[in-house]
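So the structure is just underneath, and the comments pick up after that.
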Amino acid sequence: MPIQKPKGTYDILPEKAFQRNFLEKKVREIFNTFNYSEIRTPAFEKTELFKRGIGEETDIVSKEMYTFKNDEFTLKPEMTAPVIRAYIEYNLGNESPLQKLFYICNMFRRERPQAGRFREFSQFGAESIGSSDPYADAEMIMLADTIIRGFGIKDSVIKINTIGGAEEREIFFKEFKNYLSAYLNELSPDSQRRFVINPLRILDSKNPRDREILNDAPVLYQFLNESTKKNFESILLILNENGIMFETDYMLVRGFDYYTSTTFEFLSDRLGAQNALLGGGRYDMLVQQLGGKPTPAIGFAAGIERILMIMEADNLLPVKNDFPKLFIASIGEESKKFSFKLLETLRKKGVKCETDFLGRSLKSQMKEANRINAEYVVVIGDEELKSNSVMLKKMSDGSEVKVTDTDNLENYLK
RNA sequence: GCGAGCAUAGCUCAGUUGGCAGAGCGUCAGAUUGUGGUUCUGAAUGUCGCGGGUUCGAGCCCCGUUGUUCGCCCCA
């Protein structure tokens, strides 16, 4: 039995690699325009980081992490905790009161694979650390919006909510649980479980009966402080003033414990059962929680596979088109020697070119040149060696020109 | 962790009540010996996912197993 790739992973073959490079290049350009700088962190971290950062009770930490070496280390399941760890470790807050960082990297979660869900997957994301200004929230959402629209994705909907701070939520939970306790038996088994572990997640339930019950439930927003609400209103106003289309959704909840106040998602209904293309929010307590000074921060992460999925469906991805400029065909040993030298000379000058390595007939070499979409072909045979000149053929129209200055062949490859 | 579907050539897939393993695309070669694309001719490539069972006979039926896809959960 040949060995296969691990479950939930994928190989990126050349055609796909080309598309991902295209996507990453575009993402980098936009991050750069918004003055975000790239940060890279190790593929694995101390397990403790994620336990403290994401929350021990979350599904990810409790059952989806790839942990090894006596539970000491874990392949990163998300990027915010590692970025904040580095922020604290290198005192980046001292270097500058506002750090704007972005990343593009792979992450690991031991989930059952599904449409748009993998065990090793890629995200790009940004973290803006140091500001609690509503304009920082707005910038983050506009940055995400610029990237998503920049890809030509049109039907993604932005949903925004605020979930307040821990104290505000405590008050809400009291009322919320009180209300739900009357319906406890009617709730779905999942929601009954959530009732104990993480009541906030019940707001997210897809179960129809759960949704009915939620219709008359207390709304979190009403339990938030005036300042929290005011801040949220400011963000919405700024977005409006800048032409960003969004919907507020008081049911929007996110999976990690570190979120406070603003949360947002970019949704699409074309991702199978998954619907989030991008998700993020404010996490004003995390830096402190991980041992740093109290520092407000906000960020987002976007699923690259999910974005590619939509772009593929909408024909927004480029086809690999980095073809060789020249194919050098040769006939016989002597000419092969000469051809190989010519190949090397041109490559040193930066010309993308190719020759035959299979000892094939001239006809086959021509076919090969055509197959790889070489723009030009030269045939090197005895005649060419004798006359020290070559016929340069343009494949698109079959036209040929005689070139005697073979040392500077690149000048004729227009 | 739970549920459902699928597994035949490199790719996409046919395969009849159980009776010789197939097509299209791709790959390779040739169409008078130094010029591609179009066309024509030909060729190679399969443990029918794997292991059992039923049967004179299994790609097809049954059981198990692995992989995969989709959904639940969760998330990007």
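Numbers restart at 1 for each chain; the letters A, B, ... are given by sequence-line order, proteins then strands.
Listed by residue number, G272(A), A273(A), Q274(A), N275(A), A276(A), L277(A), L278(A), G279(A) are the residues of residues 265-284 of chain A with a heavy-atom contact under 4.0 Å to RNA chain B.
In this structure, of C74(B), A76(B), G34(B), it is A76(B) that holds the atom nearest to the side chain of E305(A). With G34(B), G30(B), C70(B) as the candidates, the nucleotide lying closest to the side chain of D382(A) is G34(B). Here the nucleotide nearest the side chain of V379(A), chosen from G34(B), C74(B), A76(B), is G34(B).
Considering only side-chain N and O atoms, K206(A) lies nowhere under 4.0 angstrom from the phosphate OP1 or OP2 of G71(B). At G36(B), none of the side-chain N or O atoms of Q365(A) fall inside 4.0 Å of OP1 or OP2 (strictly under the cut-off). An OP1 or OP2 oxygen of G67(B) is reached within less than 4.0 angstrom by no side-chain nitrogen or oxygen of Q4(A). Side-chain N/O atoms of R371(A) include none lying less than 4.0 angstrom from OP1 or OP2 on G26(B). In this model, the phosphate group of A76(B) is not approached by any side-chain N or O of S122(A) to a distance below 4.0 Å at OP1 or OP2. Phosphate contact (OP1/OP2 of C75(B), side-chain N/O of R306(A), threshold under 4.0 Å): absent.
Toward the 5' end of RNA chain B, the nearer of the two residues D190(A) and A302(A), judged by each one's closest nucleotide, is D190(A). Closest-nucleotide positions on RNA chain B for N207(A) and I380(A) were compared, and the one nearer the 5' end corresponds to I380(A).
Checked against salt bridge (Lys or Arg N to Asp or Glu O under 4.0 Å), D356(A) has no partners two or more places apart in sequence or in another chain.
Between A14(B) and A7(B), the two C1' atoms lie 15 Å apart (nearest whole Å). Comparing the same atom, C1', in U8(B) and in A58(B) gives a spacing of 14 Å after rounding to whole Å. Taking atom P on both nucleotides, C62(B) is separated from G46(B) by 29 Å, rounded to a whole Å.
Counting only N and O atoms by type, the side chains of E127(A) and Y87(A) include no donor and acceptor under 3.5 Å apart.
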Protein N or O to nucleotides 6-8 of chain B N or O, pairs below 3.5 Å:
none

I'd like a list of close polar pairs between nucleotides 1-3 of chain B and the protein, N/O only, cut-off under 3.5 Å.
unit_1, atom_1, unit_2, atom_2, d
C2(B), N4, R112(A), NH1, 3.0
G3(B), O6, R112(A), NH2, 3.3

Between the protein and nucleotides 31-33 of chain B, list the N/O to N/O atom pairs that are separated by less than 3.5 angstrom.
none

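Following rounding to the nearest Å, K76(A) (NZ) and A76(B) (P) show an atom-to-atom distance of 15 Å. To the nearest angstrom, P of G34(B) lies 7 Å from CG of L362(A).
F73(A) does not carry K46(A) over the face of its six-membered ring by the limits of under 6.0 Å from the centre and within 45° of the normal. Geometrically, K76(A) does not engage F108(A) in a cation-pi contact, judged by NZ or CZ lying under 6.0 Å from the ring centre and within 45° of the ring axis.
Residues F68(A) and F44(A) place their aromatic rings such that the two centres sit under 6.0 Å apart.
Ion pair E410(A)/K349(A) flagged as a salt bridge, since at least one NZ, NE, NH1 or NH2 atom sits closer than 4.0 Å to an Asp/Glu carboxylate oxygen.
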Using Watson-Crick or G-U wobble pairs with both distances under 3.5 Å, give me RNA chain B in dot-bracket, 5' to 3', with [ ] for crossers and | for pairs to another strand.
-> (((((((..((((.....[..)))).(((((.......))))).....(((((..]....))))))))))))....
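Within 4.0 Å (heavy atoms only), K7(A) reaches sugar-phosphate atoms of the nucleic acid but no base atom.
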